[in-house]
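Read through the structure below, which is laid out as structure tokens, and then see the notes.
Within every chain, numbering begins at 1; the chains are lettered A, B, ... in the order of the sequence lines, protein sequences first and strands thereafter.
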Amino acid sequence: MERLITIDLNDRPQELRVAAQATLLEVLREQAGLTGTKEGCGVGACGACTVLVDGRPISSCLYLAVWADGASVTTVEGLSAEGRLSPVQAAFVEEGASQCGFCTPGMVVTTTALLQEHPHCTQARAREHLAGNLCRCGCYYQILSAIDRLAAPAKDQP
Amino acid sequence: MDTWVGVRLPRRDAVAKTTGRARYVADLNVPGALAVRLLRSPFPHARLQRVDVSQAEAMPGVVAVLSRADLIGNTRWQSRFGAVLADETIVAVDKVVHVGDPIAAVAAGDVETARSAVERITVDYEPLPAVTSLDEALVSGAPLVHDEVHLPEGIFEDIRRQLSPVPGTNIFNHVQLQRGDAERGFALADVVMEDVYTSGHLQHTPIEPHGLVVIPGDGPSLHIIAPTQTPYIVRRMMAELFRIPIARVRVTVPYIGGGFGAKAYPQYEPILCALALKTGRPVRLVLDHEECWVTLNNPATRLRIRTGASKAGRIIARQCEVHWDFGAYADVGPRMARNAGLAAAGPYRIPNLRIDSYGVYTNKPNCGGFRGYGITEMAAGYEAHLDHLAAELGIDPLALRRLNLLEEGDEYATGEQMQAPAFRDLLDQAAAAVQWTEAPRTERRNAAGERVAVARGLGVIIKPTITPSSSSAAVQINEDGSVTVLVSYTEMGQGAETVSAQIAAEALGVPVDQVTVAAVDTAVTPYDQCTTSSRGTFHMGQALARAGADARRQVLALAARELEIRPEDLDLQGGIISVPGTGRRLTLDHLMRTPGGRLQGIITGHGFFDTRDELRAPFRDGWRTPSSAFWCSAAAGAEVEVNLESGEVRVRHCVGVEEVGKAINPLCVEQQICGSAIAAQGHVLFEQVEFVGGQPVNAGLGQYHIPCLTDIPDRLEVRIREHPHPHGPYGAKGAGESCVPAVTAALFTAVTRAVGAPVAHMPMRPEDIVRAAAMAPEAR
């Protein structure tokens with residue numbers, strides 16, 4: 001059974017005809033042609049499939065596409081406007097926060113949401129917040145450095 | 001003058017990976033590709049009485065089903081293959097030997113149809129007694145996983161001489177090393193100590209599961225698109241298996257989403273090639289991540305280690321008996337049993353040594369090396385054992401190590417002399433960095449009244465690289481002066497592309513931005529044996545440096561002809577050819593547009609590097625000397641806090657120190673050391689594939705815990721030591737793995753010290769820690 005959904009995908013309205021049981025991950029990769037979001041574990045444990053739905057990071061491998069009807073969806077491709085890296089992406093590149101790169105889109109998307117919600121994010125909060133994004137190559141410290149670079153100190157901090 | 005060596009350039013692939021534009025095999029659009037799903041054995045050991053695929057074949061949307069019916073009596077294809085021993089068939093024929101062993105493969109128009117079709121395949125099994133542990137496999141009269149050992153033709157020279165299976169048993173390789181007289185050494189020793197250490201199977205868990213595409217063509221020919229660390233090995237083995245000339249088999253390698261050894265040697269290429277040939281259509285397989293747990297794991301081990309020493313702490317004799325539980329197919333097991341087995345000696349001066357290393361078949365999914373290649377398990381054992389000896393002798397563990405570490409001119413276990421060994425310096429740096437103290441542990445009560453111990457640990461290791469081996473490379477200067485680098489250095493996250501560009505730019509004399517590194521493609525990029533064993537930068541880098549130098553010579557020769565000047569009066573720096581002392585300059589672009597340059601078209605420089613010629617190493621007494629083109633050397637220190645009542649471990653501080661010869665790109669080397677340290681933590685504290693009756697019961701990242709951001713050490717320090725290696729490009733040698741064993745040993749010894757009693761098994765799970773702590777003297 002198929003349903004027609006409307007989503008605001010990377011700032012552009014899109015109408016998609018999706019199977020009722022299709023995950024958002026499948027629809028993004030196979031129908032919308034956005035292969036930046038990855039399927040890693042397929043069970044919501046690794047974070048490689050993270051996208052933002054109405055600004056909140058979700059595991060798109062466990063999220064039915066039909067649930068996104070009417071919502072805004074941001075994938076990693078939506079973060080770099082007109083070929084310019086977002087501040088998070090630029091910081092990741094500078095700090096060497098990517099090795100094989102398979103976890104990177106999920107890391108970048110989750111970090112983007114984290115810093116939108118907590119612009120003065122501490123390292124401890126960053127560790128907690130990103131605990132659901134697994135990296136086997138071991139980029140965690142470089143990712144933390146990127147966040148450190150981006151997290152502006154709060155006005156009442158020295 | 002710009003130099004590109006030692007420069008912390010951002011990685012070339014960083015932008016593509018951060019923007020989601022980097023393509024992995026599952027991202028590729030392959031028109032008309034059939035989806036493939038596998039039927040796998042639910043039994044660890046069973047004879048196949050009947051395999052009936054007719055119902056599956058009849059399903060609408062199913063194009064073909066591959067089963068033993070395609071193999072029996074098929075003389076077009078070879079019947080067996082394997083990385084070392086030819087113990088594998090494309091799919092199971094007579095019997096299945098592990099849970100997950102592929103029996104059939106369905107190719108259909110879409111994945112859902114393929115999955116449904118797999119359910120329609122009927123198999124009658126006759127379960128056979130299975131051996132699912134070392135003890136079961138080694139007992140006299142144990143059921144045999146394979147009824148005979150299949151010695152191959154034409155395998156790598158370093159292994160052929162070391163292959164000695166024990167017929168009538170599950171031992172597929174027994175490697176022995178002897179120096180001096182171990183028994184006599186024990187008789188002379190003041191103290192003799194024996195320990196046993198074990199480790200469980202570990203799963204590589206690259207976040208990207210295995211996957212590949214095979215496109216058949218006329219001839220027949222095969223185009224394999226696979227995230228493989230070993231494209232040339234895959235090409236040769238598939239050509240041999242399907243009896244196709246190698247010239248008609250092509251392997252192209254997209255970005256690899258993590259390898260760590262899981263994506264080395266053929267894994268699913270045989271099945272997919274067979275389906276491609278059978279259907280005449282492109283075929284694609286992407287595994288469910290859980291299937292990685294029945295594809296390739298890291299072997300489980302048992303190390304029995306005995307050391308005899310003088311009262312003063314000098315090691316006089318050591319005997320090691322190592323068993324490797326390698327699962328049902330040997331894969332690279334024979335090599336690992338050898339290289340890792342002999343590393344059980346550690347980086348120590350041992351005049352009397354005996355090592356027996358056994359590769360053993362069991363009815364579990366087969367194994368291959370995980371980053372660290374078995375040295376990890378050996379290092380945890382020999383370093384914990386040395387701490388035990390230190391306690392017995394009343395000597396500081398650091399002092400005991402320093403007394404026995406290999407120094408300049410000392411002979412290693414294989415009889416070769418060490419040149420400029422770094423071990424003492426590395427160990428001293430690690431010890432200083434974690435503030436090693438003579439008080440081994442401290443204990444206190446936490447706010448909940450629980451006993452918490454803080455302790456430090458040290459580890460120092462030596463690891464060989466696969467030797468002999470060779471690499472070729474080419475550097476091309478195009479019609480517009482831009483440069484293409486051709487090398488088969490597969491990018492799995494280690495920075496292959498970036499480092500290749502830096503080396504080529506340096507050797508040629510151009511800005512690194514003028515260099516493009518071509519994608520790995522056996523039709524385009526020259527031969528390299530494999531991207532494994534930390535050998536890439538050393539071997540392929542050296543081939544590249546030579547190729548760049550060759551291209552440079554040709555550039556200067558061409559410029560000399562065009563400018564009517566001698567080549568020796570010309571210089572090439574930063575992409576500009578100049579006549580020093582005059583104002584005459586010419587860019588590479590201009591040079592290639594001169595009449596001579598236009599006629600030349602493009603300039604191609606070639607480079608070749610072969611360890612055998614370079615190091616003039618003949619075989620002697622069955623061991624090549626030197627037995628490794630370079631030695632990986634690293635040390636580590638750790639400070640841990642262990643809750644002795646809950647078994648939880650917090651790593652407060654960890655430092656990894658590695659001797660890398662020369663860091664071509666320090667950012668990349670740091671990434672490798674960090675990654676290695678985190679992998680080590682997984683080894684020591686979390687990771688084990690749990691088997692029940694041969695069935696893995698914790699497959700998948702939802703159940704198999706790998707370190708995440710809240711697990712990692714509070715503080716991780718990385719130190720790079722650079723003593724140029726005489727044969728490496730600009731002095732560089734491998735850096736990808738060494739801190740896995742070093743940090744593993746440091747963490748293992750630290751937690752052991754905190755507990756106050758041996759845990760003796762990796763991973764050290766909370767329940768193991770609690771149990772051991774309850775028995776420790778400190779508990780009373």
Side-chain angles (χ1 to χ4, degrees), chain A residues 19 29-30 33-48 75-80 83 85-86 88-109 124 126-144, chain B residues 8 10-11 13-24 26-29 204-209 227 255-260 286 288-290 491-495 665 667-668 670-679 682 700-704 706-713 716 718:
Chain A
R29 286 179 56 80
E30 287 157 40
L34 296 170
T35 56
T37 309
K38 306 302 178 198
E39 176 158 0
C41 70
V43 295
C46 74
T75 71
V76 63
E77 290 94 339
L79 298 179
S80 46
L85 299 180
S86 72
V88 170
Q89 288 167 326
F92 268 53
V93 170
E94 274 295 313
E95 292 294 331
S98 199
Q99 291 182 43
C100 85
F102 205 75
C103 77
T104 305
M107 289 285 188
V108 166
V109 167
R127 287 190 186 217
E128 284 286 338
H129 213 90
L130 284 156
N133 290 79
L134 298 179
C135 170
R136 190 49 151 172
C137 296
C139 290
Y140 295 132
Y141 292 98
Q142 285 80 0
I143 292 167
L144 288 172
Chain B
R8 200 184 177 78
R11 288 178 48 153
D13 51 354
V15 171
K17 287 174 175 176
T18 335
T19 56
R21 288 204 300 269
R23 298 201 142 229
Y24 302 81
D27 301 330
L28 301 176
N29 181 30
H204 306 59
T205 73
I207 308 298
E208 177 202 37
Y255 282 121
I256 302 172
F260 317 114
V286 178
D288 290 341
H289 208 265
E290 290 84 3
E491 176 60 78
M492 53 176 163
Q494 80 281 48
N665 185 326
L667 180 146
C668 290
E670 284 165 13
Q671 288 180 326
Q672 293 309 292
I673 298 178
C674 283
S676 295
I678 294 167
L701 284 171
Q703 300 190 74
Y704 180 94
I706 67 172
C708 71
L709 259 158
T710 49
D711 296 317
I712 57 176
L716 173 64
V718 160

Note to self: A side-chain contact here means heavy atoms from C-beta on lying under 4.5 Å apart; do B:Thr18 and A:Met107 qualify?
What the structure shows: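 They are not in contact (no side-chain heavy atoms under 4.5 Å apart), so the answer is no.
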
Notebook entry, point to check: Within a strict 4.5 Å, meaning less than it, do heavy atoms of the A:Cys41 and B:Tyr704 side chains meet?
Noted result: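 Side chain of A:Cys41 against side chain of B:Tyr704, heavy atoms only: no contact under 4.5 Å found.
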
Can you tell me how far [atom2] of [Y] sits from [atom1] of [X], rounded to the nearest 0.5 angstrom?
| X | Y | atom1 | atom2 | answer |
| --- | --- | --- | --- | --- |
| B:Leu709 | A:Ile143 | CG | CD1 | 6.5 Å |
| A:Glu39 | B:Asp288 | CD | CG | 7.5 Å |
| A:Cys103 | B:Glu208 | SG | CD | 12.5 Å |
| B:Leu716 | A:Leu144 | CG | CG | 11.0 Å |
| B:Thr19 | A:Phe92 | OG1 | CZ | 13.0 Å |
| B:Arg21 | A:Ser80 | CZ | OG | 6.0 Å |

For [X] and [Y], indicate whether the former's side chain and the latter's backbone hold a donor-acceptor pair under 3.5 Å.
| X | Y | answer |
| --- | --- | --- |
| B:Gln671 | A:Gln99 | no |
| B:Arg11 | A:Gly96 | no |
| A:Arg136 | B:Phe260 | no |
| A:Tyr140 | B:Ile678 | no |

Under 4.5 Å from any heavy atom of chain B - which part of [X]:
| X | answer |
| --- | --- |
| A:Leu130 | both |
| A:Val93 | both |
| A:Gln142 | side chain |
| A:Ala48 | side chain |

So which heavy atom on [X] is nearest to which on [Y], and how close?
| X | Y | answer |
| --- | --- | --- |
| B:Tyr24 | A:Phe102 | OH-N, 3.5 Å |
| B:Gly257 | A:Cys100 | C-SG, 3.4 Å |
| A:Thr104 | B:Lys17 | CG2-O, 3.6 Å |

Item checked: Among B:Asn29, B:Thr710, B:Ile256, residue most engaged with chain A (heavy-atom pairs, under 4.5 Å) ->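 Of the candidates given, the most pairs with chain A belong to B:Thr710.
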
Checklist line | From CA spacing to verdict: side-chain contact (heavy atoms from CB on, under 4.5 Å), A:Val43, B:His289 | finding: CA-CA 9 Å; A:Val43 295; B:His289 208 265; over 6 Å; no

Next item on the list: Identify which of A:Pro105, A:Ser98, A:Gly36 forms the greatest number of heavy-atom pairs closer than 4.5 Å to chain B.
Entry: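 Looking at each of A:Pro105, A:Ser98, A:Gly36 in turn, A:Ser98 comes out on top.
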
Select one option (side chain, backbone, both, neither) describing which atoms of [X] are under 4.5 Å from chain A's heavy atoms.
| X | result |
| --- | --- |
| B:Ala22 | backbone |
| B:Arg8 | neither |
| B:Gln703 | neither |

